[in-house]
2 protein chains.
Amino acid sequence: MPGQKAPEETRREQILTAAHTVASRHGIDGLTVRAVASRAKLSHGLVLFHFKRKDELVTALLDRVLETTFLLTVSEQVLELPDARDRFVAAIRQEMDRLSQEPRRMRLFFEYWALGSRHSRVRTKVSTALSSYRAAFRTFAEDVLRTDASRFSDVTPEGLAAIAVSLIYGCAVQAMIDPAGFDISAYRASAQGVLGHSGTRATKRGPRVLAAAIPA
Amino acid sequence: MPGQKAPEETRREQILTAAHTVASRHGIDGLTVRAVASRAKLSHGLVLFHFKRKDELVTALLDRVLETTFLLTVSEQVLELPDARDRFVAAIRQEMDRLSQEPRRMRLFFEYWALGSRHSRVRTKVSTALSSYRAAFRTFAEDVLRTDASRFSDVTPEGLAAIAVSLIYGCAVQAMIDPAGFDISAYRASAQGVLGHSGTRATKRGPRVLAAAIPA
DNA sequence: TTGTCTATTGACCAATTGTTCAATGTATGT
DNA sequence: ACATACATTGAACAATTGGTCAATAGACAA
């Protein structure tokens, strides 16, 4: 007995959110049409009515994952930091904290990343998402290099942005697999040390604002 | 008609190598008992005779993957570098090159990493492998901090080692998904710039040996 | 030879999967 | 009221999966 109808886009959204929860909990392997349908309290036939192939559902979910994973939103307090290096480091720390607190999303991303080696569509999407994420950090990196060219020789803005991404994702990778043994705070401090603080002249102001902007 | 026998350990090895090739090509999803058996030219029943459960096969393969992925072997030329920072950077560059040239193994590792969030046995193995890999870099990191404490304030050996791991794996992650768009050489140069070269005093000797040790 | 042990095979099973489709309900227009 | 369009359901199907098991072939000892 077919149930009630629902507006077009609502159903797709409903199915996608169900797919997101399922994939978050059981991985892409566990993302079956029936599991999604059950989660959304729909028949599995209906899921395949709105997404003609399972592949389409998987790809649509990828879009959603990438949108929420690679959205770099820096708080105003960070942007107001006077020193370019402080801004750069603060943005990195903020992202490290954010992603470390969303392990499921992180895991899902890496599953898609691995999938990308066999599915060209997935690869393209992940690739461009990583590129734009890097681009977001390049703005900060350019400021750093402009005001601090002496310390970083041979460092390009694009390269420095890529390093920022590595530091963030490397932190998540190591922290998630071993939450007890991996010392996140030591990692953050070391990352900051390697990239360099704002120096002695801003010691009194910078770090304090930083601590307020990034709750531990 | 049952075929010929084979020495005990030979069969397990044979099956494991077959499993490795299958998983390398088609991922852990594609690692089916029948696919492995077919690859090893055996019956699928025999695979389950030597590995009572599929889980056991997957875990045994993980050991093999971790052994070959996280084995840090630094060339003698790197160890002979006079400057601690040069050794550190050279070891990192060497690993970046090595792992970037083995994308399949890299992908397989991340699949296991993601699997670790649901399988505690896998998680434990991956976790300890990452720990020992970090420990290998900590030796270099300690030397760096001992000779260069001024530049790296608040940086701990463990933290610096973790950053090395992040730089290496971050490079592989970004380079593999977008081989064309990601500038590896710029990344390497930037990483070296951030960590700092040996400075002006060793410019004549260090870098040249480095270039010889790490073929581009 | 005879017998025992075990490696090996392939048939078989139950469960799960993606996908199709006829049937049926709901909404909307005329 | 009637018809048309379409969202929705669940049965059904073929393919694939991990796993079991009886039958059998090889190796080796007595």
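Computed from heavy atoms alone, side chains included, the values below leave out hydrogens, waters and symmetry copies. The chains referred to below are lettered A, B, ... by the order of the sequence lines, with proteins before strands, and numbering in each begins at 1.
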Atom-to-atom span, [atom1] of [X] to [atom2] of [N] - whole angstrom:
X	N	atom1	atom2	result
A/Gln14	D/dT8	CD	C1'	12 Å
A/Phe49	D/dG10	CZ	C1'	15 Å
A/Lys54	D/dT16	NZ	C1'	13 Å
B/His50	C/dT6	NE2	P	13 Å
A/Arg11	C/dT26	CZ	P	14 Å
B/Asp29	C/dT16	CG	P	18 Å
A/Leu48	D/dG10	CG	P	15 Å

_Once salt bridge (Lys or Arg N to Asp or Glu O under 4.0 Å) is applied, what residue pairs with a partner in residues 22-35 of chain A remain, sequence neighbours excluded?_
none
*DNA chain C-proximal residues of residues 111-121 of chain B, any heavy atom under 4.0 Å*: none
*Give me the ring orientation class for B/Phe182 and B/Tyr187: parallel if the planes are under 30° apart, tilted from 30 to 60°, perpendicular past 60°.*
tilted
_Under-3.5 Å donor-acceptor pair between A/His44 side chain and D/dT9 base_ = no
*Is any side-chain N or O of B/Arg53 under 3.5 Å from a base N or O of D/dG18, one able to act as donor and the other as acceptor?*
no
*Among C/dT9, C/dA7, D/dT9, which nucleotide sits nearest the side chain of B/Leu42?*
C/dT9
*Which nucleotide in the set D/dT9, D/dG19, C/dT9 lies at the smallest distance from any side-chain heavy atom of B/Leu46?*
C/dT9
*With sequence neighbours left out, what residues match A/Asp154 under side-chain hydrogen bond (donor to acceptor under 3.5 Å, both in side chains)?*
none
*Please list, chain by chain and in numerical order, all residues satisfying salt bridge (charged side-chain N to carboxylate O under 4.0 Å, His left out) with B/Arg64, sequence neighbours excluded.*
B/Glu13
*For DNA chain C, which ranges pair as stems of 3 or more consecutive Watson-Crick or G-U pairs, with both donor-acceptor distances under 3.5 Å?*
C:1-30 with D:1-30
_Assuming nearest nucleotide by heavy-atom distance, tell me which of A/Arg34 and A/Ser43 is located more 5' along DNA chain D._
A/Ser43
*Of all residues at least two apart in sequence or in a different chain, which pass the side chain to side chain contact (heavy atoms under 4.5 Å, CB included) check with A/Lys54?*
A/Val33, A/Val58
*Short side-chain donor-acceptor distance under 3.5 Å, B/Thr68 and B/Arg105*: yes
*Less than 4.0 Å between a side-chain N and a carboxylate O, is that true for A/Asp143 and A/Arg85?*
no
_ring-ring contact (aromatic ring centres under 6.0 Å, His included), paired with A/Phe70, selected from A/Tyr133, A/Phe137, A/Trp113_ = A/Tyr133
*How about B/Arg121: does its CZ atom have over 12 heavy atoms from other parts shown lying under 6.0 Å from it?*
no
_What's A/Thr32 touching, base or sugar-phosphate or nothing? Going by heavy atoms closer than 4.0 Å._
sugar-phosphate
